Amino acid sequence: MKDKYQDLYRRLVNAYYNRNFEEVFEHMLKTEFENKEEAREILSALCGVENDVNKDDYIFTQVIIDSITKGRVREKIVQKVHKCTEDCEQSDGKSKCQSVCPFDAIIRAEDGVDKTIDPMLCMSCGRCVTACDRGNYLETPQFLPLANLLDEDEKVVAIVAPAIAGQFGENISLDQLREAFIKVGFSDMVEVAMAADILSFKEALEFNEHVKEKGDVMITSCCCPMWVSMLRKVYHQFIKDVSPSVSPMIAMGRVLKALNPDVKIVFISPCVAKKAEAKEPDLVGTIDFVVTFQEMKMIFDLLHIEPAKLKGVPSVDYAATGGRLYARTGGVSEAVFDVVDELFPESRKLFTSMSVDGVPDCKRTLNELTEGKIRASFIEGMGCKGGCVGGPKTNVDEEKGKEAVNRVAYESAIKNPLNSEILNDLLHKIGVEDIYDLKDGNSMFERHFE
């Protein structure tokens, strides 16, 4: 969020916790914007709910409050909130926002200056939000509807992306973060890395089935919605070679809801596109809210929660090295290879991985695959440079994030998930008696791209 939106958002969240939200919201509506239409669009987006009421200010405010209370989360993740009044054309003839859009979803208006977003092409990665210096684009935060749920003492679990290592302080442990989330109002904090371990089993089984000889190829990474969208929208000819796995986010949410259907799941992420993924028709209903690392840091600050000063709430170290490595480029390949190496010695000989990151490199690799120039048998793609540690909503730079992820991953008590009694016990609880059962169309961990 640009500085002005960040300030407004902080004030709205602060007002919610100080129990004077209505007063602050109405004041903003009347004094912070040049026109009422702009005020309503931006404030409703910052509140995470829809702007679909054309009534006076009082009724509009009441509808916003009611929407927050009932958790009616806004469908659109990224929106254009201002008209472009000046062009910011780059050397390639594109504006800043157009130059960073992976799918050419930003279209010039007839005047040649203003832009619009094509909803059929946009996949809500949020890159235009970061690129635009003038704040013409806005992403939708989801914390206010969530805050109301946390207030109601519901069972709400924070599931955290593997990239969380080092994001809230260099030496802050996962146990300290767990206590911090509990202080915010969550029932518990769970590492998505454990679901990544399950998917490493699944993708190792798929590799053994799919890659039988030199020249065969399997494409992953299910964890990156930009990479998946690139394959679905632009390189559809390779879908037959793409792992049908759901992302670790969806897998973890489905596991927890299988164990307790009433639990609410909040994914804590470095990625804006995860908000859109959670709303995809074949995945909707698993993840109730997505909150970014940057949003979460702001919440900790507003509530005066300092993870570094907490003793921590310990739990058993249940995630393996591989699952935690999903956070950075090459991590998925390393995790899947470790399982292939253990289970399928013959397939191991065919396993040659290629890991690419950043949209330009991903596109170049898929173009080369089209031309028959790629010889790797396992191709992993990540839309952000460095992988998830280079996501747009991280709190530390890519290199620091990668160092923290590697440290936490390689210090894991469980080196290979095949040796995890905790993971085996969890799989049994959800009806997976043997890891080979993950191979045959297990609906909890699969989706269909056709």
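One-based numbering along the sequence shown. Since we're looking at a predicted model, the values are computed, not measured.
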- Query: Applying side chain to side chain donor-acceptor pair (under 3.5 Å), which residue pairs with at least one partner in residues 189-200 are found, sequence neighbours left out?
  - Reply: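 Counting only pairs at least two positions apart or across chains, the side chain to side chain donor-acceptor pair (under 3.5 Å) contacts touching residues 189-200 are Glu191-Arg324, Ser200-Tyr326.
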Take a 6.0 Å sphere around [atom1] of [X] and say whether it holds more than 12 heavy atoms from other residues, nucleotides or ligands.
X      : atom1 : answer
Lys80  : NZ    : yes
Lys183 : NZ    : no
Lys363 : NZ    : yes

Got a donor-acceptor contact below 3.5 angstrom from the [X] side chain to the [Y] backbone?
X      : Y      : result
Ser412 : Ile414 : no
Asn416 : Asn419 : no
Tyr5   : Gly135 : yes

Review point. Is it true that Phe300 and Phe181 have ring centroids separated by less than 6.0 Å?
Key: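 Yes: the rings meet the under 6.0 Å criterion.
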Quick one: do the [X] and [Y] side chains pair a donor with an acceptor below 3.5 Å?
X      : Y      : answer
Gln142 : Arg74  : no
Glu368 : Thr365 : no
Asp216 : His210 : no
Glu277 : Ser247 : yes
Glu380 : Ser333 : yes
Asn148 : Glu152 : yes

Salt-bridge test for [X] and [Y]: reply yes if a basic N is under 4.0 Å from a carboxylate O, no otherwise.
X      : Y      : result
Lys202 : Glu206 : yes
Asp133 : Lys96  : yes
Arg348 : Glu342 : no

Next item on the list: Can you tell me which residue pairs pass the salt bridge (charged side-chain N to carboxylate O under 4.0 Å, His left out) test with a partner in residues 169-182, sequence neighbours excluded?
Entry: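 As it turns out, the salt bridge (charged side-chain N to carboxylate O under 4.0 Å, His left out) pairs with a partner in residues 169-182, which skip direct neighbours, are Asp175-Arg178, Arg178-Asp188.
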